[in-house]
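Numbers restart at 1 for each chain; the letters A, B, ... are given by sequence-line order, proteins then strands.
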Amino acid sequence: MSRTLVLASSLVCALATAARAQPADAPAIADSAHRGDPGWRLELGSETRWLHDSSAAAVTTDPFVSTALSVARDLMAIEMFRGVLDLGAEVTWTNGSATGQMFQTLGTTVGDNEWLGGLRAAWRPRRHVSVTGRASAGVTRTDLFIAPLDAPTMASVDDHRWGRVATASLGVELDAVHVPSFALGVGVELGYVETSAVTMHAYPSDRPDPNASIETAYASIGHLDLDGWSLRIGVHAAF
Amino acid sequence: MRPALFATLLVPLAVAACTADRPPELDRPRSLLGPVPLKDRVAWVDTALDRVVALDLTGDAPHVEAIPIGHNAVYATPSSDRDHLLVITRGEEALQRGRQDEPPQLFDVDLAHPDTAPIAFAVGSPFDRIAVSGDDHIAVAYFSQAGPDDSGFFRNPNEMAFVDLDQQPTDANPVLKTLRAFGTTPTGVVLSPPMSVPNADDPSPRTFAFVFSHNVVTLVDCDHADRAEVSLRLDTAGASIDPQEVVFAPASSTAYLRSNGARDVLQVILDSDPPVKGDTHANDYRPLLAELGAGGGPADIAVFDDIHSKRWVIAATPTTSEVVVIDTDTAQFRRVQTPDPIDRISLFPPDAPTVAVLASLGSGLPRVQLMPLDQLSNPLASITLSQVDLGKPVRDVVPVPGRELAMVVHDDDRTVLSLLDVTFGSVSPLDGVGRLDSYAFTATGDYLVGTAAGVSRLGFLDLSNLHPSDLRLDSPPARVLALANGKIVAEDNDPVGRVTIIPGAGATRDQAIVLDGFLLTDVLQEH
């Protein structure tokens, strides 16, 4: 979890930076309402994550592809470096999956749902161009499904576990439309996703009612870790 | 903008290169060798993950053990005491930089002490059969008659590896040996119990391997496997002989060999024959051969010691409708006429037989004959057979361990069964839900446990009073195993592993436990 510490540190630094920028009478700071820029922001993107832990490689060789939906609120704007630095808070939900095989006979599907909250910073040297950065943390629900291929009658196993997740990313955004009270554009971000390893078990998908069945123990499949570098491409609208 | 463009293109590629290497084991086709019932464990060999997965059933809750072995396991067999598992692995060639060639090996996995690393013996060739001596002192790895597979170039079917399991692997252990051949290949290997060669300079008990081939039996002194083998030609009379079965009289260093195509039982006596001094590869014994007058070509033989420690051989010769009783001390024999062409002899009780059940499986006759064995040593006593009518054809006779009972199978599908009480000559028919696909007798011989395909139940038959009962399971088992510690394991033939463990016959559902997914134990980390 050393990477988690780095990400957490980044988050703390970002918060500290925001806190230091709080004095309302500072001349370099102006809230967005003063400048007439949009305050809310909605982003829909597609994120590809290259998993680099061996446990993830055991279940899939494909990149992990997610859909990401973010809602952000700009909190303040700071004029700096011949541009404007917008600071805001955001919440993000991502949902993704990847498939693979084991032993040429077992199909695997790994999926996750992440709920994140964090800070977003965007420095706009020009009106239509932004350099962005995010740091978020939250929880993730990881699902694993293993089923025999070409044998639908055979039993399959699945499990899901909750874990922690933290992300940090840097990116570039281009606004096709940027007028007072509205902006529309696209962006690309490169980041890193750190998840806590979760222990998965071989729970049968068709497990019967525990009150009506024989006491069952489930073997541990092992720890699954979905860490990896990520690339997100999305469209955003601000209003 | 060109540097920025390059950076934009290269960064995702660099990120993509940060993915973990996938272990090649996960992309291999996987097969499972097993389940192998052991004393208090059940083991499987995973040919993809190169490990033995054992369920430790010594405690109340099952415990999964995964023990790594070499690559590409091809065969596994338990030791005679059922504490160890012997596994032959083919090994692999190094196809990628950084990997190393691995030769074929025989792994001795001590499952009673799973923390002990398996002992690997370099056997040189990817043999696919193992014979183990009764005292677990010697193992012989050899090729089956399956023929060469798509791996390898040459295959020498007469090559064998003689492994001393009590010694650590060295250059001299195992001993690789190519047996002298006469245009034939081995069809089987039987290891003798420890036998001393009378009058030999070395009086220590040794294990002898009897290697069967068409028209030939080859003897190898396994404790001195570097010495020359002894070939016994069986076709000197021009007949075509296939050795089938050998039984031993270790106290007298004698073996009795039954062969298809042979007229008589062949007696093989090991006698001292001091080697020429300086010839380190010469044997200190020689086999003396004698034909015991069974006549007519024996179809089955059995050997036992009576209460006077006299050893007897009983041979069934269906072509003459006789059973021949041979006194091995004197080679004298008595012929007993049988009304049927007998081809199966079963002794009851197995440890101190008093009755032989004679059946005619080939003819499928609806009766068996009971032959008393307690008067064989009295030459004046006549041997009288008593017939037991079963009403249905007999296809198999399976002795119940520890009891004077035999399960009689009446059809090839095992749907019609009966229990023969050898003591009283009584027969009890058994009705079931269908084909008895898998069955086992509990270690004490108190219960018969059976399963039928697609039926989510285990059937129990109390052999003391033939009271049937059953236990409802949550899923239909594929096979049932009875362990020496009394536990019963119903296995579902599930690729991820699913068993129901019952603490003993008569247990209820509340006392059973299901273990799921154990064949995937730590599959995400096991590399």
Point to revise | Pick from B:P62, B:A512, B:A61 with the largest number of heavy-atom pairs that fall under 4.5 Å of chain A | key: B:A512
Practice item. Please report the shortest heavy-atom distance between B:D27 and A:Q104, naming the atom on each side. Key: O-NE2, 2.7 Å
Practice item. Please report the shortest heavy-atom distance between B:R22 and A:A58, naming the atom on each side. Key: NH1-O, 3.2 Å
Exercise for review: Could you give me the CA-CA distance, side-chain angles and deciding distance for B:D522 and A:S220, then say whether side-chain contact (heavy atoms from CB on, under 4.5 Å) is met?
Suggested key: CA-CA 6 Å; B:D522 288 335; A:S220 167; 4.0 Å; yes
Review point. Contact part of B:L519 toward chain A, heavy-atom cut-off under 4.5 Å: side chain, backbone, both or neither?
Key: neither
Study note, to complete from the structure: Comparing A:R49, A:H201, A:E215, A:Q101 against chain B, the one with the most heavy-atom pairs below 4.5 Å turns out to be A:E215
Review point. Chain B heavy atoms under 4.5 Å from A:T199: which part of the residue, side chain, backbone, both or neither?
Key: neither
Review point. Which of the residues A:A219, A:A217, A:S55 is involved in the greatest number of heavy-atom pairs with chain B at under 4.5 angstrom?
Key: A:A217
Point to revise | CD1-CD1 distance between B:I513 and A:I214, expressed to the nearest 0.5 angstrom | key: 10.0 Å
Practice item. Quick one: closest heavy-atom pair of B:A48 and A:F103, and the distance? Key: CB-CD2, 3.6 Å
**Study point:** Interatomic spacing from CG in B:L26 to OG1 in A:T60 - rounded to 0.5 Å
**Key:** 11.5 Å
Check your understanding: CG/B:L515 to OG1/A:T216 distance, rounded to the nearest 0.5 angstrom?
Key -> 9.0 Å
Check your understanding: Does any heavy atom of chain A fall under 4.5 Å from the side chain of B:T500, the backbone, both, or neither of them?
Key -> side chain
**Study point:** Stepwise side-chain contact (heavy atoms from CB on, under 4.5 Å) test for A:H223 and B:L524
**Key:** CA-CA 6 Å; A:H223 308 296; B:L524 303 181; over 6 Å; no
Practice item. Would you check if the side chain of B:D516 reaches a backbone N or O of A:Y218 as a donor-acceptor pair within less than 3.5 Å? Key: no
**Study point:** A:A212 versus chain B, the contacting section by heavy-atom distance below 4.5 Å
**Key:** backbone
Check your understanding: If every non-hydrogen atom of B:Q525 is compared with every non-hydrogen atom of A:I221, which pair is closest and at what distance?
Key -> OE1-O, 4.4 Å
Exercise for review: Pick whichever of B:L520, B:D474, B:D510 has the most heavy-atom pairs under 4.5 Å with chain A.
Suggested key: B:D474
